[in-house]
Amino acid sequence: MKRFKGLWRDTWWLWAFFAVMVLGISAMISWFFLFVWLTLPVSFFYFAFIRYDEEGNEKPEA
């Protein structure tokens, strides 16, 4: 759980921007773009597992 908190702490503004952008695109073009919201949690969890350790700290570059 700490790795998710670490990613959220560092990138909350980016995820908020993605959510607002999806809302804007779906309002202007089509409601179909709301399905993009389903990919946001998948991306979030993927990056949390790849980029952060169990303590919520960013892993050093390899």
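Hydrogens, waters and symmetry mates play no part in the numbers below; they use all other heavy atoms, side chains included. For reference, positions follow the sequence shown, starting with 1. Predicted model only: the values in this text are computed from it and were never measured.
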Could you tell me which residues satisfy side chain to side chain contact (heavy atoms under 4.5 Å, CB included) with Y46, sequence neighbours excluded, listed by chain and number?
-> I50
Contacts of type side chain to side chain contact (heavy atoms under 4.5 Å, CB included), residue E54, not counting sequence neighbours = R3
Among the clusters formed by ILVMFWY side chains lying less than 4.5 Å apart, do V42 and F47 turn up in the same one?
-> no
Joint cluster assignment, M28 & W37, ILVMFWY side-chain distance < 4.5 Å | yes
Would you tabulate the side-chain donor-acceptor contacts of residues 4-22 under 3.5 Å, counting partners in other chains and residues two or more places apart, or write 'none'?
from, atom 1, to, atom 2, distance (Å)
R9, NH2, G56, O, 3.3
D10, OD2, Y52, OH, 2.6
T11, OG1, L7, O, 2.7
T11, OG1, W15, NE1, 2.9
W13, NE1, D10, O, 3.4

